[in-house]
Number of protein chains: 2
Amino acid sequence: MNEVYGNTALEMVTALRIRRTETLASLVRKELERMIVSGELRAGDRLNESALADRLGVSRGPIREACRGLEQSRLVEVVVNRGTFVRQISLQDALDIYDVRSALFGVAGETLAARITPPQLATLSGLVEAMARAADDIDAYYPLNVDYHAKLVEFSGNARLVTTYRSLAQELHLFRRQGLVSEGSMAVSNREHRAILEALAQRDAARASTLMREHILAGKKRLLKLTESERAGAASPAPDSQRRRKRLVAGT
Amino acid sequence: MNEVYGNTALEMVTALRIRRTETLASLVRKELERMIVSGELRAGDRLNESALADRLGVSRGPIREACRGLEQSRLVEVVVNRGTFVRQISLQDALDIYDVRSALFGVAGETLAARITPPQLATLSGLVEAMARAADDIDAYYPLNVDYHAKLVEFSGNARLVTTYRSLAQELHLFRRQGLVSEGSMAVSNREHRAILEALAQRDAARASTLMREHILAGKKRLLKLTESERAGAASPAPDSQRRRKRLVAGT
DNA sequence: GACCTGAAAACTGTTGACAGTTTTTGCGCC
DNA sequence: GGCGCAAAAACTGTCAACAGTTTTCAGGTC
């Protein structure tokens with residue numbers, strides 16, 4: 001009848017086509033993940049089960065199942081009888097995650113140095129060059145940067161490391177300050193990327209591990225410095241829409 | 001009427017008393033976790049939703065929600081239209097987990113050395129002494145050992161590290177060979193525990209980190225050696241009940 | 001006996017409804 | 001206008017039933 005019904009019908013068709021490989025709950029989980037990571041849902045927002053069910057054209061069952069999955073991967077928090085909320089990440093949480101992530105990245109380096117293949121080296125090299133070309137165009141740089149890090153972990157061949165790392169990276173997306181990459185740091189960062197690549201090419205496990213660990217810790221330090229200078233002096237970047245609650249998923 | 005109903009009634013009372021703090025789904029999740037870690041449910045077993053629902057005195061909804069949570073923490077695997085199965089961990093998986101765990105343990109050491117308090121040192125010291133007294137009584141030694149490791153991570157104060165580490169440790173419980181601690185290794189292991197304790201007492205972050213990382217890697221090496229000698233020579237410890245499937249949860 | 005085949009049984013995926021709790025709303029009172 | 005307070009609305013927790021898929025099994029065939 002109206003646009004809403006049009007949308008859900010379309011999505012249902014898609015869902016049905018995919019079925020037999022994916023369950024509704026897992027499709028919903030992916031969609032919610034996307035909404036959270038993309039910022040469509042913000043930290044603190046409540047996930048209204050009925051509203052989501054209407055919006056996605058399914059019943060509440062799959063929605064609830066999806067939420068339990070998200071709870072376990074720490075993207076949401078469930079409060080009994082009150083609902084599930086997109087998690088709020090404190091600065092301390094973010095710093096803690098950086099520490100864990102840096103250790104994981106270190107393992108990736110150690111493992112990878114011993115087994116990296118020429119095609120993998122070529123892929124990584126391509127990404128570093130692309131980042132160099134991106135210069136200080138942050139919109140071009142950022143996805144390349146994410147991809148480079150992801151590839152380093154994936155190429156390690158340690159499946160459990162990959163999932164753990166991904167989960168932490170995703171959780172970090174909940175942190176409110178997206179602008180953690182300042183322009184000046186991109187050149188510095190890519191210099192580190194290149195050094196990592198060299199260590200890997202030489203199969204120097206110890207060096208690759210150290211460099212990779214420190215690369216993440218450098219990110220942590222940047223974040224720390226940023227928040228400190230922010231707290232000390234200038235007004236925070238976007239102080240306007242601070243406590244804009246009530247932006248639940250309800251209305252279409 | 002019969003014993004089964006008696007059980008479920010009792011459990012329901014317990015559940016109702018706890019309510020308002022916990023949801024049925026989370027209670028079920030904990031129960032399933034216990035069953036899996038304790039070995040009551042074995043790797044490969046299918047979790048029959050209806051049977052579990054009857055057994056625990058709840059409907060299938062909470063069971064399904066619990067399973068989605070377990071799926072995310074990698075204790076079970078869900079196959080569409082076929083059910084959820086207790087995960088099977090291969091030797092390679094176990095080795096991969098050891099690598100990740102060792103890195104996490106290293107972070108714990110580094111963080112903890114800088115912030116450990118006298119009472120915490122006392123607690124850890126107590127555990128090391130208790131383990132020494134346990135000598136080669138494995139039933140006394142094992143839980144102390146688990147506790148010692150857990151405390152080292154908890155005392156680090158990094159919440160995310162704690163949950164990640166716990167999840168990995170739990171997953172490792174799925175690995176079929178429980179006898180990964182041979183008698184001779186207990187003395188060696190406790191010597192390492194004591195060395196870690198000393199490094200922490202001296203607030204030597206680098207040393208504590210290295211020792212703790214290597215402590216876990218030593219466990220990995222023991223496992224590796226064990227499986228190699230097993231493969232090479234003697235028959236495996238318990239070759240009888242190998243493919244004993246069909247031990248689903250159904251019958252009471 | 002081994003092997004298809006098709007009906008029956010068992011089980012998972014999903015839904016809609018009901019019960020109990022939390023939040024909102026409307027109203028009198030200060 | 002601000003403040004309790006009770007009724008109503010909104011929402012979560014749980015369940016039982018239905019639909020569709022997978023597995024089992026009996027019967028026929030070679």
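Just so it is clear, the values below take in all heavy atoms, side chains as well, and ignore hydrogens, waters and symmetry mates. Below, read A as the first sequence line, B as the second, and so on, with proteins coming before strands; counting in each chain starts at 1.
Between A/L56 atom CG and C/dT14 atom C1' the separation is 15 Å, expressed in whole Å. A straight line from CG of B/L24 to P of C/dT21 spans 13 Å, rounded to a whole angstrom. In this structure, A/L27 atom CG and C/dG13 atom P are separated by 13 Å, rounded to whole Å. In this entry the distance linking CG of A/N48 with C1' of C/dT21 reads 15 Å, nearest Å. A/E22 places its CD atom 17 Å from the C1' atom of D/dT21, with the value rounded to the nearest Å. The separation between B/F85 atom CZ and D/dT22 atom P is 12 Å, rounded to whole Å. As rounded to whole Å, 14 Å separates atom P of C/dT14 from atom CZ of A/R29. Going from atom CD1 of A/I63 over to atom C1' of C/dT14 covers 12 Å, rounded to whole Å.
Both B/G83 and A/P62 sit near DNA chain C, but only B/G83 has its closest nucleotide nearer the 5' end.
Nearest nucleotide to the side chain of A/N81, out of C/dT22, C/dT14, D/dT21: C/dT22.
Annotation: side chain of B/L32 is in contact with side chain of B/M35 (closest heavy-atom distance under 4.5 Å).
Contacts between residues 65-79 of chain A and DNA chain D, defined by a heavy-atom separation under 4.0 Å, are made by A/R68.
An OP1 or OP2 oxygen of C/dT23 is reached within less than 4.0 angstrom by a side-chain nitrogen or oxygen of A/R82. For the pair B/T23 and D/dT12, the criterion of a side-chain N or O lying under 4.0 Å from OP1 or OP2 is not met. Here B/R64 reaches the OP1 or OP2 of C/dG13: one of its side-chain N or O atoms lies under 4.0 Å away. Phosphate contact (OP1/OP2 of C/dT14, side-chain N/O of A/R60, threshold under 4.0 Å): absent.
In this structure, a donor-acceptor pair under 3.5 Å is absent between the side chains of A/T111 and A/R115.
Listed by chain and residue number, nothing satisfies the side-chain hydrogen bond (donor to acceptor under 3.5 Å, both in side chains) test with A/N158 (two or more places apart in sequence, or in another chain).
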Verify side chain to side chain donor-acceptor pair (under 3.5 Å) between B/D93 and B/S90, making sure each step is shown before the conclusion.
-> CA-CA 5 Å; B/D93 287 335; B/S90 68; 3.2 Å; yes

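One finds the CG atom of B/L95 at 11.0 Å from the CD1 atom of B/I89 (value rounded to the nearest 0.5 Å).
Nearest heavy-atom pair, A/I138 versus A/P143, reported as atom, atom and distance to 0.1 Å: O-CD, 4.4 Å.
A salt bridge is absent between B/K30 and B/E33: the closest approach of a Lys/Arg side-chain nitrogen to an acidic carboxylate oxygen does not fall below 4.0 angstrom.
When heavy atoms are screened at a 4.0 angstrom cut-off, A/G61 is found touching base atoms of the nucleic acid.
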